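Input: a single structure, listed below in structure tokens.
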Amino acid sequence: MEVRELDTDIKSGNIKKIYFFYGPEVFLMENKINSIKKHILDEDSTEFGFSKFTGKDSNFEEFEFEFYSYPMSGDKKIIILQNTGWFSNPKSSEILSLKKFFSEIPEYLYVVIREDGFDKKKEKNIEFIKNSGGGIVNFEHLPIGQLCSWIEKMFSDNGKIVKQSDILYIVNASNSEMSKIYREVEKLIIFSDDDKNIVSEDIYSLVTKSGEYKIYELFDDIVEAKGRQAMEKLKQILDSKEKPTSIIAGLTNKFSELLTVKLLNSDRVSISEIVNYLDFKMPEFVVKKMVSQSKKYGEKYLKRMIRMGIDFDRSIKNGRLDQKTAAEMFVTELIRCD
């Protein structure tokens with residue numbers, strides 16, 4: 001099931017007895033766990049109405065005892081299993097026991113399982129959760145447009161006004177991770193004090209940039225033919241211990257996006273439709289910028305640069321080039337633009 005279906009469960013009060021949460025967006029995952037707790041437990045039983053087992057040292061016998069124990073206060077209780085590792089092996093004794101437990105889950109009990117590093121390919125190993133009336137939710141990073149709306153609401157709730165382009169900057173600089181975004185927005189709200197408008201200069205100086213966003217900035221310097229600035233930025237990124245392979249992959253992906261946009265634009269596909277062809281849905285003003293950037297290059301050139309990025313990556317894996325040299329050579333070729 002998707003997160004929006006989980007939201008429907010929570011808002012309607014039709015909360016399932018068992019949920020299995022996994023995926024990279026742990027901030028949202030924790031938020032939904034807290035929402036479930038608030039909806040199930042009354043104020044008097046909040047402190048004693050749930051128990052939590054965290055980590056691979058969690059004791060299964062203690063969990064079993066808690067599973068069949070009546071609530072200490074109130075008429076409902078929640079057990080949270082967080083990163084226990086019990087769900088990685090479908091033939092483990094824990095899985096075999098859980099299949100039995102979940103088939104006869106007590107009326108008063110709710111179980112929420114959170115496994116941050118769980119592999120989506122192994123969902124078939126936990127089908128018994130669905131068969132027991134439960135839900136499995138994959139918490140992927142939210143689409144960029146949704147994150148922008150969330151940020152805008154946080155600022156608006158605090159009486160702050162921020163430009164759309166600056167909101168997008170915060171998303172990209174935080175690598176679309178909600179926990180990082182939340183910290184950066186809180187920082188900006190506190191820093192702005194009584195000022196209603198938060199200006200771009202403060203955002204650029206205060207928001208901590210992720211390695212991925214620094215690579216996007218490098219890409220912009222390359223496209224804008226700022227060769228010296230691009231090489232200086234590359235040195236800064238390498239000095240910050242960013243993997244050269246990540247730099248090569250990031251730049252290759254950006255040129256692949258440019259090629260996609262160029263081809264679609266030449267076929268007279270509208271901006272609003274181009275958004276749906278990209279891996280990550282972006283605001284239309286970002287796609288307009290990409291259309292403008294794509295016009296600076298020919299189709300053959302873009303394809304050649306994409307192949308070159310793949311070749312440099314292959315040269316690293318084959319041991320023909322060290323990572324740093326390959327990244328420097330790739331950026332040099334991109335700057336030459338011939």
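What you see is a predicted model, and the numbers here were worked out from it, not measured in a lab.
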Donor-acceptor pair between Q164 and E152 side chains, under 3.5 angstrom:
yes

Single hit among N14, D9, T8 for side chain to side chain donor-acceptor pair (under 3.5 Å) with S12
N14

Could you walk me through whether D7 and K32 pass the salt bridge (Lys or Arg N to Asp or Glu O under 4.0 Å) test, one step at a time?
CA-CA 8 Å; D7 287 337; K32 298 308 175 187; 2.7 Å; yes

Strictly under 6.0 Å, is that where the ring centroids of F87 and Y22 end up?
no

Please say which of K289, Q293, K295 ends up in a side-chain contact (heavy atoms from CB on, under 4.5 Å) with V291.
K295

Exceeds 12 heavy-atom contacts within 6.0 angstrom, atom OH of Y182:
no

E107 CD: over 12 foreign heavy atoms closer than 6.0 Å:
no

Angle class for the Y169/Y213 ring planes (parallel below 30°, perpendicular above 60°, tilted otherwise)?
perpendicular

Does a side chain donor of either N138 or E123 reach within less than 3.5 Å of an acceptor in the other side chain?
no

Examine distances only and state if a side-chain atom of D322 and a backbone atom of K324 form a donor-acceptor pair shorter than 3.5 Å.
yes

Salt bridge or not between K100 and E104? Use side-chain N to carboxylate O under 4.0 Å.
yes

I'd like to know whether the aromatic ring centres of Y19 and Y110 sit less than 6.0 Å apart in this structure.
no

Might you confirm whether atom NZ of K17 has over 12 heavy atoms from other residues, nucleotides or ligands at distances under 6.0 Å?
yes

Could you tell me if K52 and Q82 have a donor-acceptor pair between their side chains, going purely by distance under 3.5 Å?
yes

Checking E5 side chain against E2 main chain: does a donor-acceptor pair fall under 3.5 Å?
yes

Parallel, tilted or perpendicular: rings of F101 and F63 (30°, 60°)
tilted

For F330 and F312, take the angle between the two ring planes, folded into 0 to 90°, and tell me which bin it lands in: parallel under 30, tilted 30 to 60, perpendicular over 60.
tilted

If you count heavy atoms of other groups shown closer than 6.0 angstrom to CG of D57, is the number above 12?
no

D311 bridged to R307 by N-O distance under 4.0 Å
no

Side chain K180, main chain I170, donor-acceptor under 3.5 Å:
no

Looking at K11, I want to see if its NZ is surrounded by more than 12 non-hydrogen atoms of other residues, nucleotides or ligands under 6.0 Å.
no

Looking just at side-chain N and O atoms, do T260 and E257 make a donor-acceptor pair shorter than 3.5 Å?
no

How far apart are the closest heavy atoms of P244 and L238, and which atoms are they?
CG-CD2, 3.9 Å

Ring centres under 6.0 angstrom apart (F53, F60)
no

If you draw a 6.0 Å radius around CZ in F65, do more than 12 non-hydrogen atoms from other residues or ligands fall strictly inside?
no

Kindly say whether K91 contributes a backbone atom to a donor-acceptor pair with the side chain of N89 at under 3.5 angstrom?
yes

